[in-house]
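Below is one structure, written out as structure tokens; the observations come after it.
Side-chain atoms are counted along with the backbone in the values below, which use heavy atoms only and exclude waters and symmetry mates. Throughout, a chain's letter reflects where its sequence line sits, starting with A, and its residues are numbered from 1.
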Amino acid sequence: MSIRPPTLREKRRYLLARIDPAGTIVEAKDLYYAVYEAVVSLFGDVAAAAMQPSVLAVENGYVILRCRRGAEREFAIALSTLSACRDCTVAIRVLAVSGTIESLRERIATLVPLVSAALGQDAAPAQEGTADPDTCRYRFGSTPVETVVWHGHKVDAIEKGFKNTRRLFLTTEDLEKIHATTIPDGL
Amino acid sequence: MKITDACVYPYPLGDSSVRRFAFEARSYGYDSIVAADTPVAEICGVTVIPGIFLAGMPAKDVQSRAKKSRGTGAVVAVQMGDNRFNRAVAGTSGVHILRGIHTADKRAFDHVAAKIAVDNNTALDIDLSPLIFGRGHLRQKAIHRYLDLMILYRRFEFPLTISSSARSVLALRAVREVTGLCSLFGMDETDVQAALAGVGRVTDPGESLVKVIP
């Protein structure tokens with residue numbers, strides 16, 4: 001089938017969204033299924049077919065999505081009901097809507113250096129069974145935590161424990177250094 | 001006019017600290033949040049209002065708890081029950097918000113309770129969590145209850161509040177997203193703005209409830 005001329009093609013809109021929490025790795029295919037489920041469960045099959053939601057690319061913690069022109073508002077509402085992708089808890093925050101993918105890629109290019117600059121420290125979570133003493137230097141209240149992502153004042157940490165390893169969303173002011181001493185450098 | 005999320009659960013009830021909630025709330029366009037079991041604070045320009053959330057209590061106990069919390073600056077929110085309970089609680093001074101209409105019975109909040117809520121300046125809460133996390137029957141029921149509530153709201157104009165009931169910053173939604181979600185049950189942007197300012201309206205009414213018309 002030959003490609004339609006531009007005037008006969010369907011008009012589309014492209015959405016740029018951020019994937020929260022930072023550092024979450026999601027597959028485009030898994031995200032597509034999650035997005036489609038969110039659209040279908042909220043608006044039904046007919047609206048989903050008319051909306052034509054799609055995930056085009058997942059890059060650097062951002063995702064480019066596509067829908068038919070005129071349906072972007074409903075699509076954004078459906079995206080705000082998305083809370084999980086496979087087994088990960090995620091949130092999709094729509095940042096921009098555009099008529100071209102190119103402009104969204106340009107926007108990602110401007111956003112990524114800002115995020116990288118804000119990430120003071122970006123450590124991957126420790127593998128199961130490994131115990132690196134350097135990564136467990138902080139505590140939140142009485143709970144020792146392992147920091148995962150630093151983003152300016154925001155810190156994502158994982159609770160240290162035998163069973164309980166949930167992710168905590170904290171700030172630098174909430175954290176306290178374990179074994180912090182007052183010995184000056186000269187000693 | 002403060003834009004307020006009427007209910008969040010910070011650590012240890014949730015997985016995010018109250019500071020983090022305040023940071024994120026600011027970036028999503030809020031001026032204040034009502035946080036459970038948290039003292040009054042001002043973090044990064046966001047006012048943290050302590051919230052007392054009462055559930056599964058008889059009306060008499062609710063009255064005594066509301067009386068105790070008077071003057072503390074806390075927002076008292078009560079989980080809705082049956083019609084009789086809701087009428088009693090809506091008329092209790094010191095109770096600011098009635099929550100959980102999406103789980104209550106169809107006839108739990110009627111025109112009489114609405115009138116009592118107007119007279120006592122008690123707000124009705126719209127919880128967004130069943131819309132965000134619910135699927136199928138649960139979400140349909142919530143939307144149906146909110147549609148019913150909006151009919152009474154248009155007639156009686158009692159205060160409304162909007163809450164995310166977030167236990168994590170991931171469950172917080174930006175004001176723009178809230179507007180989109182509320183449009184599912186017929187709230188326009190003006191209604192959403194008024195509802196987001198509802199906590200300020202019930203805690204600090206400002207103008208007199210009685211108007212003298214010459």
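- Salt-bridge annotation for A:Arg105 and A:Glu59: present, with a side-chain N of the basic residue lying under 4.0 Å from a carboxylate O of the acidic one.
- Contact annotation for B:Arg173: both backbone and side-chain heavy atoms come within less than 4.5 Å of a heavy atom of chain A.
- Within the 4.5 angstrom heavy-atom criterion, only backbone atoms of A:Leu82 (N, CA, C, O) approach chain B.
- Using a 4.0 Å cut-off between a side-chain N of Lys or Arg and a carboxylate O of Asp or Glu, A:Arg86 and A:Asp30 qualify as a salt bridge.
- With hydrogens and angles left out, the side-chain atoms of B:Asp105 and B:Asn83 include no donor and acceptor closer than 3.5 Å.
- Using a 4.5 Å cut-off between heavy atoms, B:Tyr28 touches chain A through its side chain atoms alone.
- Looking at B:Leu128, neither its backbone nor its side chain comes within 4.5 Å of chain A, counting heavy atoms on both sides.
- Counting heavy-atom pairs under 4.5 Å between each of B:Gly14, B:Pro12, B:Ser17 and chain A puts B:Ser17 at the top.
- Around atom CZ of A:Arg4, no more than 12 heavy atoms belonging to other residues, nucleotides or ligands sit under 6.0 Å away.
- Remark: B:Asp127 does not engage B:Arg145 in a salt bridge, criterion side-chain N to carboxylate O under 4.0 Å.
- Ion pairing between a basic and an acidic side chain is recognised when a charged N comes within 4.0 Å of a carboxylate O; B:Arg99 and B:Asp125 show such pairing.
- For B:Gln140, no part sits under 4.5 Å from any heavy atom of chain A, backbone or side chain.
- For a residue to count as touching a neighbouring chain, one of its non-hydrogen atoms must lie under 4.5 Å from one of that chain's; by this rule A:Ile92 touches chain B with the backbone only.
- Highest contact tally toward chain B, considering only A:Arg93, A:Glu37, A:His153, A:Arg73, is held by A:Arg93 [criterion: heavy-atom pairs under 4.5 Å].
- A donor-acceptor pair shorter than 3.5 Å can be found between the side chains of A:Asp174 and A:Thr171.
- Heavy atoms of B:Arg139 lying under 4.5 Å from chain A belong exclusively to its side chain.
- Interface residue B:Leu131: only backbone heavy atoms are found under 4.5 Å from chain A.
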